[in-house]
Amino acid sequence: MFSGKLKFSIFGLSFVFLLCGGACRSARQVNQRLNSGMPTRILWAWERGEDLRFLDSDKFGAAYLAQTLYLQNDDVVFRPRRQPLEVSPATYLIAVTRIETDREKDNRPALSDDQKDKAIALIKRSLERPNVKAVQIDFDVVVSERKFYKNLVVDLQKQLPAGIPLSITALASWCIGDAWFDDFPVDEAVPMAFRMGADAARVRAHLAAGRDWNEPLCRGSYGISLDEPLDIKFKEHRRVYYFNSRAWKKSDLDKLNQ
């Protein structure tokens with residue numbers, strides 16, 4: 001990846017070209033399709049009964065867990081959402097697919113093309129619910145799974161209907177560490193700045209110092225939890241995803257404003 005400016009003159013006129021490779025392409029992708037109606041505040045609705053009919057659809061959207069896919073041997077075990085989700089018809093919905101891999105020695109995933117294609121087909125099916133306008137993948141990959149994940153994202157993006165944003169979640173440590181996913185063809189990578197484990201102090205210090213995420217794809221949003229507030233000044237014009245460890249209530253919105 002190259003970053004810099006190239007300047008030259010022709011007939012006394014100066015021309016400046018910006019050369020920055022993948023970083024600029026990634027930066028342009030951020031919010032490319034997200035600004036067409038997607039609210040700037042999104043509530044994550046995980047696997048529990050949720051009644052979000054109190055949301056102002058002009059201000060809030062919902063990213064709900066639509067399904068969980070377990071990669072096991074050469075198969076994809078499909079677990080649909082089992083809890084009810086109630087929203088008003090106007091609510092902007094993002095269908096989230098959680099992907100997990102079996103860590104048992106005898107069940108470790110093959111990470112094959114067939115497994116990738118099965119997962120893609122199931123993710124595309126999550127668009128069938130009314131008012132779903134975007135998809136998001138939540139996959140905490142280890143290093144050995146990165147190539148599989150990239151191939152999945154690349155092929156999925158090609159198969160999504162035009163205008164459907166593709167979002168992924170990202171560990172906050174990924175967003176300040178190595179740029180292993182900087183060439184992913186996604187519209188955003190949401191940094192999950194909560195439940196960070198051993199990386200919490202490093203990430204919090206990075207943000208508290210006023211620094212931005214190193215990865216451009218992470219610079220369009222924040223992912224935070226209601227019970228782990230970030231004592232930082234958020235960068236302007238960014239989407240915020242909110243996680244709650246319990247079912248959302250209308251009174252929780254007051255906490256978000258704080």
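Just so it is clear, the values below take in all heavy atoms, side chains as well, and ignore hydrogens, waters and symmetry mates.
Inter-residue side-chain proximity for L166 and L160 is flagged as met; some heavy-atom pair is nearer than 4.5 Å. Residues S167 and I94 fail the side-chain proximity criterion, which asks for heavy atoms closer than 4.5 Å. In this structure the side chain of V87 never reaches within 4.5 angstrom of the side chain of L55, judged on heavy atoms. Residues L217 and I168 form no side-chain contact, since every pair of their non-hydrogen atoms from C-beta on lies 4.5 Å or further apart. Contact of the L52 side chain with the T91 side chain is not registered, since no non-hydrogen atoms from C-beta on lie closer than 4.5 Å. Annotation: side chain of L43 is in contact with side chain of L256 (closest heavy-atom distance under 4.5 Å). By the 4.5 Å heavy-atom criterion applied to side chains, K59 and L253 are not counted as neighbours. Looking only at side-chain heavy atoms (C-beta outward), Y64 and V96 stay at 4.5 Å or farther from each other.
With rounding to the nearest 0.5 angstrom, the CG atom of N244 is 11.0 Å from the CD1 atom of I224. Expressed to the nearest 0.5 Å, how far CG of L171 lies from CZ of R195 amounts to 13.5 Å. Distance CD1/I164 to CG/L156: 11.0 Å, rounded to 0.5 Å. Note that NZ of K116 and CG of L152 are 7.0 Å apart. Values are rounded to the nearest 0.5 Å. Rounded to the nearest 0.5 Å, atoms OG (S112) and CG (N73) are 10.5 Å apart. For the atom pair T68 OG1 and R79 CZ, the distance stands at 6.0 Å (nearest 0.5 Å).
Two rings, from F78 and Y70, have their centers 6.0 Å or more apart. Taking the centre of each ring, Y222 and F234 come in below the 6.0 Å mark.
Counting only distance, with no hydrogens or angles, the side chain of K150 and the backbone of W180 share no donor-acceptor pair below 3.5 Å. With H206 contributing its side chain and D212 its backbone, the two residues share a donor-acceptor pair below 3.5 Å. Judged by distance alone, with hydrogens and angles left aside, the side-chain atoms of E188 form no donor-acceptor pair with the main-chain N or O of R239 at under 3.5 Å. Checking side-chain atoms of R81 against main-chain N and O of L65 turns up a donor-acceptor pair under 3.5 Å. The backbone N or O of L122 lies less than 3.5 Å from a partner atom in the side chain of Q67, making a donor-acceptor pair.
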inquiry  = Please evaluate residues W248 and Y242 with respect to the criterion side-chain contact (heavy atoms from CB on, under 4.5 Å), reporting the C-alpha separation (whole Å), side-chain torsions for both, the decisive distance (0.1 Å), and the verdict.
reply    = CA-CA 10 Å; W248 286 97; Y242 301 94; 3.7 Å; yes
key: Test side-chain contact (heavy atoms from CB on, under 4.5 Å) applied to I99 and L71, step by step   = CA-CA 7 Å; I99 300 178; L71 307 184; 4.0 Å; yes
request  = Test side-chain contact (heavy atoms from CB on, under 4.5 Å) on Y241 and S225 and set out the steps.
outcome  = CA-CA 8 Å; Y241 287 78; S225 177; over 6 Å; no
request  = Check step by step if side-chain contact (heavy atoms from CB on, under 4.5 Å) holds for V240 and T40.
outcome  = CA-CA 6 Å; V240 182; T40 56; over 6 Å; no
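Applying the salt bridge (Lys or Arg N to Asp or Glu O under 4.0 Å) test between K118 and each of D74, D75, D113 identifies D75 as the sole match. Screening I176, D231, L230 for a side chain to side chain contact (heavy atoms under 4.5 Å, CB included) with L207, the sole residue that qualifies is L230.
D102 has no carboxylate O lying under 4.0 Å from a charged side-chain N of R108, or vice versa, which leaves the two without a salt bridge. A salt bridge links R204 and E228; the closest N-O separation between the charged side-chain nitrogens and carboxylate oxygens is under 4.0 Å.
Residues meeting the salt bridge (Lys or Arg N to Asp or Glu O under 4.0 Å) test with R82, sequence neighbours left out: none. Under the ring pair (Phe, Tyr, Trp, His ring centres under 6.0 Å) criterion, F148 pairs with no residue at all, not counting sequence neighbours. Under the salt bridge (Lys or Arg N to Asp or Glu O under 4.0 Å) criterion, K249 pairs with no residue, sequence neighbours left out.
Of all the heavy atoms in A189 and A170, the pair that sits closest is CB-CB, 4.2 Å. Closest approach of S144 to L111, counting heavy atoms only: O-CD1, 3.8 Å. Closest approach of A134 to V132, counting heavy atoms only: O-CG1, 3.5 Å. Considering every non-hydrogen atom in both K235 and G210, the closest pair reads NZ-O, 3.0 Å. Contact record, S245 with D227: OG-OD2, 3.9 Å, taken as the closest heavy-atom pair. Looking at every heavy atom in both residues, A193 comes nearest to A172 through CA-CB, 4.2 Å.
The closest side-chain donor-acceptor pair between T101 and E145 falls under 3.5 angstrom.
Screening residues 43-52 for side chain to side chain donor-acceptor pair (under 3.5 Å), with sequence neighbours left out, gives W44-Q136, R48-E50, D51-R53. Sorted by first then second residue, the salt bridge (Lys or Arg N to Asp or Glu O under 4.0 Å) pairs that include residues 119-139, not counting sequence neighbours, are R98-D138.
The hydrophobic cluster analysis finds V154 isolated: no Ile, Leu, Val, Met, Phe, Trp or Tyr side chain comes under 4.5 Å of it, directly or through other members.
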